[in-house]
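Because only heavy atoms are used, hydrogens play no part in the values below, and waters and symmetry mates are left out as well, while side chains stay in.
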Amino acid sequence: MAKPGYGKRSAPDQQPRTRDDFALLPTRERYVAGFVDHLPDGAEMSVKQLAKQLPLCGQQAVSTSLKALSVAGHLRRVRCSVGAGDETRWVFRTFWSRTARDNEWWSTYLATETAARTAAPTTTPEAPASPDLAVRAEPPAPTAVPQQRTPPPAPEAELAQPTREATPAQDTAPARPTGPTGEITPSPAYLALARLGRDDHRLGLSADDCTTLEPLATQWLDRGVTTDYLTNALTAGLPTQVDSPIGLIRRRLIDKLPPQLPATTASTPAPTRRLLVECTDCGRPGPPEALPDGLCRPCHQAHTTGGNTTSPDPTQIAAVKTHMANLRTLLKPV
């Protein structure tokens, strides 16, 4: 019975099962509650499926019994969203408690993350259909190949080759990254400093000046600022005449260095899924606090008042009786 559709989920902290469970319920509700209590978690609890399993109750009787069990505090029907983006879908669950709970307990429990994780579907890895298939799926063992005798290499050739390869590596300094054409690609900090003279002629820097100031500008970019932020910080509030562009920019790079912000984790926490309680009678969804006894307001009012919202007027009763007496008089034979 592990089918989707109001799959059973057991509530925590239930009392041990005894013979006197559900003793205060009517006979039909006690019969349905005893059957549901022995169902395993994940079993389908839709009205149609329960009616198939209970030979003494039809669908209408099962629906009425589930509504009575919801009012008694034994069950709540919920829906939970799964997936993300355009693939979001709803799954329906029925939380069952052998111990009757009040509305405050259900509202508190269904608002917790534990209830949301319990309602979420769990995926289990598929097992092989038979042991024969599992054995057949294993890769074949590699075939042993006899070792072949090869002449040992000359020791002089082994020592000479690493020496020739290691010699140029010691004299070569780490170079900047190169582009597809082999040209050296300037860093973003270098490009930002080189564009200062084109944006404002007072801050014209030479190639050697950009190379000298590049480590200071790189510290800005390492702290998370953009090149536009760096350019605005270096060009804001310039004097009318700048005698030494490299000296002014060096002083601003040192004095206006932004603070180091803590590193943010790349992984974002999963969104919290909140359960929506469904009305056990009509299926209308809503937050737990808006559905006392697991029923929406119209269904709850109809259940508590027995379907009659107003009592008949005594004068109307008397008028109906008089009208019926007149009809009987007219039907008498002459």
Side-chain angles (χ1 to χ4, degrees), residues 1-80 82 90-122 124 273 275-286 288-289 291-296 299-300 303-304:
M1 294 184 63
K3 300 178 181 179
Y6 297 104
K8 179 185 175 182
R9 296 294 187 270
S10 297
D13 303 331
Q14 300 187 43
Q15 296 180 358
R17 185 178 287 113
T18 62
R19 296 182 60 182
D20 297 332
D21 292 335
F22 320 113
L24 301 178
L25 296 175
T27 304
R28 185 177 60 187
E29 283 71 16
R30 185 165 62 249
Y31 169 65
V32 175
F35 176 80
V36 172
D37 187 48
H38 286 79
L39 289 177
D41 278 5
E44 185 178 356
M45 285 187 58
S46 63
V47 173
K48 186 176 182 179
Q49 184 66 24
L50 290 178
K52 292 180 180 179
Q53 302 294 325
L54 297 173
L56 301 181
C57 297
Q59 295 187 21
Q60 185 63 35
V62 170
S63 178
T64 305
S65 299
L66 292 180
K67 181 172 65 175
L69 292 175
S70 177
V71 175
H74 291 286
L75 68 87
R76 288 293 186 273
R77 282 188 165 175
V78 301
R79 60 172 63 179
C80 176
V82 296
W90 291 95
V91 294
F92 303 90
R93 300 288 182 258
T94 300
F95 280 93
W96 172 260
S97 175
R98 187 184 312 110
T99 305
R101 308 290 188 178
D102 56 6
N103 293 322
E104 183 179 359
W105 188 93
W106 280 115
S107 299
T108 304
Y109 172 68
L110 294 178
T112 60
E113 184 67 21
T114 304
R117 288 196 302 266
T118 305
T122 57
T124 56
R273 298 186 178 95
L275 300 179
L276 290 178
V277 180
E278 271 195 358
C279 176
T280 311
D281 192 9
C282 67
R284 181 180 300 176
E289 57 274 8
L291 281 81
D293 298 334
L295 300 176
C296 63
C299 295
H300 191 275
H303 178 78
T304 54

Using 4.0 Å as the upper bound for N to carboxylate O, is an ion pair formed by R17 and D37?
yes

Between L56 and L54, is any pair of side-chain heavy atoms under 4.5 Å apart?
no

Quick check: closest heavy atoms across T99 and Q15, and the distance to 0.1 Å?
OG1-N, 3.0 Å

State whether the side chain of S70 and the backbone N or O of D293 hold a donor-acceptor pair below 3.5 Å, judged by distance alone.
yes

Flag if over 12 foreign heavy atoms under 6.0 Å of CD, Q14:
yes

Interatomic spacing from CZ in F35 to OG in S65 - rounded to 0.5 Å:
13.0 Å

Under a 4.5 Å cut-off applied to non-hydrogen side-chain atoms, are L75 and F95 in contact?
no

What's the separation between atom CD in E278 and atom CZ in R93, rounded to the nearest 0.5 Å?
12.0 Å

Could you give the distance from NE2 (H300) to CG (D281), rounded to the nearest 0.5 Å?
12.0 Å

Between T280 and L295, is any pair of side-chain heavy atoms under 4.5 Å apart?
yes

H74 and L25, any side-chain heavy atoms less than 4.5 Å apart:
yes

Within a strict 4.5 Å, meaning less than it, do heavy atoms of the V91 and R79 side chains meet?
no

Does the side chain of W106 come within less than 4.5 Å of V277's, by heavy atoms?
no

Which residues pass the salt bridge (Lys or Arg N to Asp or Glu O under 4.0 Å) test with R19, sequence neighbours left out?
none

Between C279 and L291 the two heavy atoms that sit nearest each other are N-CD2, 3.4 Å

Test side chain to side chain contact (heavy atoms under 4.5 Å, CB included) on V62 and K52; report intermediate values, then the result.
CA-CA 10 Å; V62 170; K52 292 180 180 179; over 6 Å; no

Y31: ring pair (Phe, Tyr, Trp, His ring centres under 6.0 Å) partners, not counting sequence neighbours
none

Separation between CD of E29 and CG of L24, rounded to the nearest 0.5 Å:
12.5 Å

Non-hydrogen side-chain atoms of S63 and K67 separated by less than 4.5 Å:
no

Treating T94 as the side-chain partner and R77 as the backbone partner, does any N or O pair qualify as donor plus acceptor under 3.5 Å?
no

Could you state the interatomic distance from CZ (R98) to CG (D13), rounded to the nearest 0.5 Å?
12.0 Å

With a 4.5 Å heavy-atom cut-off, do T64 and R28 have their side chains touching?
yes

Where A23 and R30 come nearest, the two heavy atoms and their spacing:
O-NH1, 3.8 Å

Any donor-acceptor pair under 3.5 Å linking the side chain of W96 with the backbone of K8?
no

Closest non-hydrogen atom pair between S97 and A11, with its separation:
CB-CB, 3.9 Å

Please work out whether the ring planes of Y109 and W105 are parallel, tilted or perpendicular, with thresholds of 30° and 60°.
parallel

